[in-house]
Protein chains: 2
Amino acid sequence: MVRPGGRSARVQASVHAAVRELEAEVGREALTVPLVATRAGVTPSTIYRRWGDLQELLSDVAVERLRPEKAPRDRGSLRSDLEDWAEQFLEEMSAPTGRAYLRDALLGDPDGSNAGQCSAYAAEQIDVIIGRAAGRAETAPDVETVLDRVVAPMMYRILFRPEGLDTAYARELVAGLVGTTDR
Amino acid sequence: MVRPGGRSARVQASVHAAVRELEAEVGREALTVPLVATRAGVTPSTIYRRWGDLQELLSDVAVERLRPEKAPRDRGSLRSDLEDWAEQFLEEMSAPTGRAYLRDALLGDPDGSNAGQCSAYAAEQIDVIIGRAAGRAETAPDVETVLDRVVAPMMYRILFRPEGLDTAYARELVAGLVGTTDR
DNA sequence: AGCTTAAAGCGAACATGTTGCTTCAAGCGC
DNA sequence: GCGCTTGAAGCAACATGTTCGCTTTAAGCT
């Protein structure tokens, strides 16, 4: 395991920072372990031993960036909250950088734990929204249903059919789930 | 572009064959461009020039393997046909080798065309099923809806939450779409 | 048949990935 | 506090993989 403080932590932070800087400067295609190591002031072998290879390192960094920063906005109703969140999610994930992070997270991930983390992030956000709905005495679907009916279709299209995606699609999915009558 | 016949075609075929053989013999982790080249009786530079890197080559081969071999079985009703197809799809795709192909196909695919091809395969199969239902004068959802409600949730779980998947889930999704009353 | 040209072969220069051994310092017991 | 233990980082030599310019081959055309 990684030692909590001191040198190990510094190395980890500096390697992560180096990845982000270089991603912005030279693009992810041009990233290599030696390049990252040099920027981080570290030897390549340190990275190979800690992360195994470049993909796992990128996967690590990608998951960090996919972590949501703030709780979903409260717009007063289940439907509005879901629409709002889904639109934002779709926008972030379907953008070139979002897709790149997603792919990195899925890729360098032999045991699937990073991918699982992504899904868990979405589930947390949805859980907050559903909790609010319950507080308003609205009837709400459970998290699994929202994952199946809203998140999964968006992800599928982002990964497999990225053309012609827009926020209207997110609203349609939510409408199909919570009904188009109440608003 | 690749010249249709003659040497180029032979090289392509022999490289693809080499990938499949070596995948079976040494596992995909151990695959390298020089190794594949040697087995195919080709120089590494040929592979680098034609495919760019190992991932794109693997992506190519993976898509070939994800192509469905036969039309979905006809079991007499829309619901049975969908259930049958979805169960088989889920079983194939969630197995370790299926997931590996899926990941390869997604991975070495800068422009998303290989991923699009995967989705197109599924859409074709579903289209056949829906066409049959129309022939029986059954009411059927359109292809997009089946993609959203059945294929996407399965894919999402395969990629992001591979634990505890079984064919019952496929049946639930179909039931949720075509209704649980008619059978 | 001869020409044109994309694609394959070859080999050397180069970059990247791997490994054993050494050095460093965080965390722990005294 | 002070030194011990141990996991992690550094270093350097080595193996492997990648790229590139140039040459050669043969597919497709006229």
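To find a chain, count down the sequence lines: A is the first, B the second, and so on, and within it residues start at 1.
- By the side chain to side chain donor-acceptor pair (under 3.5 Å) test, A:Glu91 pairs with no residue at all, sequence neighbours left out.
- Rounding to whole angstrom units, CD1 of residue A:Ile47 and P of D:dC11 are separated by 14 Å.
- Every residue meeting the side chain to side chain contact (heavy atoms under 4.5 Å, CB included) condition with B:Asn114, not counting sequence neighbours, appears here in chain and number order: B:Ser59, B:Asp60, B:Val63, B:Asp109.
- Once rounded to the nearest 0.5 Å, the distance linking CZ of A:Arg50 with CD of A:Glu56 reads 12.5 Å.
- Near DNA chain C, defined here as any heavy-atom distance below 4.0 Å, the residues from residues 17-36 of chain A are A:Thr32, A:Val33, A:Pro34, listed numerically.
- One interatomic measurement links the two molecules: CD of A:Gln12 to C1' of D:dG7, which rounds to 15 Å at whole-angstrom precision.
- Ion pair A:Asp127/A:Arg132 not flagged as a salt bridge, since none of the NZ, NE, NH1 or NH2 atoms sits closer than 4.0 Å to an Asp/Glu carboxylate oxygen.
- Qualifying side chain to side chain contact (heavy atoms under 4.5 Å, CB included) partners for B:Arg161, counting only residues two or more places apart in sequence or in other chains: A:Ser119, A:Glu144, A:Leu147, B:Tyr156, B:Arg157.
- In this entry the distance linking CZ of A:Arg10 with C1' of D:dG10 reads 14 Å, nearest Å.
- Contact check on B:Glu64 versus B:Arg20 returns a salt bridge, with a Lys/Arg side-chain nitrogen under 4.0 Å from an Asp/Glu carboxylate oxygen.
- A:Tyr48 has no side-chain polar atom (N or O) that falls below the 4.0 Å cut-off from OP1 or OP2 of C:dT18.
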N/O-N/O pairs, protein side and nucleotides 10-14 of chain C side, under 3.5 Å:
{"unit_1": "C:dC10", "atom_1": "N4", "unit_2": "B:Ser45", "atom_2": "OG", "d": "3.0"}
{"unit_1": "C:dC10", "atom_1": "N4", "unit_2": "B:Arg49", "atom_2": "NH2", "d": "3.3"}

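- The shortest distance between side-chain heavy atoms of B:Met93 and B:Leu66 falls below 4.5 Å.
- Using a 4.0 Å cut-off between a side-chain N of Lys or Arg and a carboxylate O of Asp or Glu, A:Asp74 and A:Arg136 qualify as a salt bridge.
- Rounded to an integer number of Å, the gap from CZ of A:Arg50 to P of D:dG10 is 10 Å.
- Side-chain atoms of B:Gln125 come within 3.5 Å of backbone N or O of B:Lys70 as a donor-acceptor pair.
- Between B:Arg75 and B:Asp84 there is a salt bridge, with a side-chain nitrogen of the basic residue lying less than 4.0 Å from a carboxylate oxygen of the acidic one.
- Here A:Asp148 does not pair with B:Arg149 in a salt bridge; the nearest charged N to carboxylate O distance is not below 4.0 Å.
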Problem set entry | Dot-bracket summary - DNA chain D, pairs being Watson-Crick or G-U whose distances fall under 3.5 Å, with | when paired to another strand | ||||||||||||||||||||||||||||||
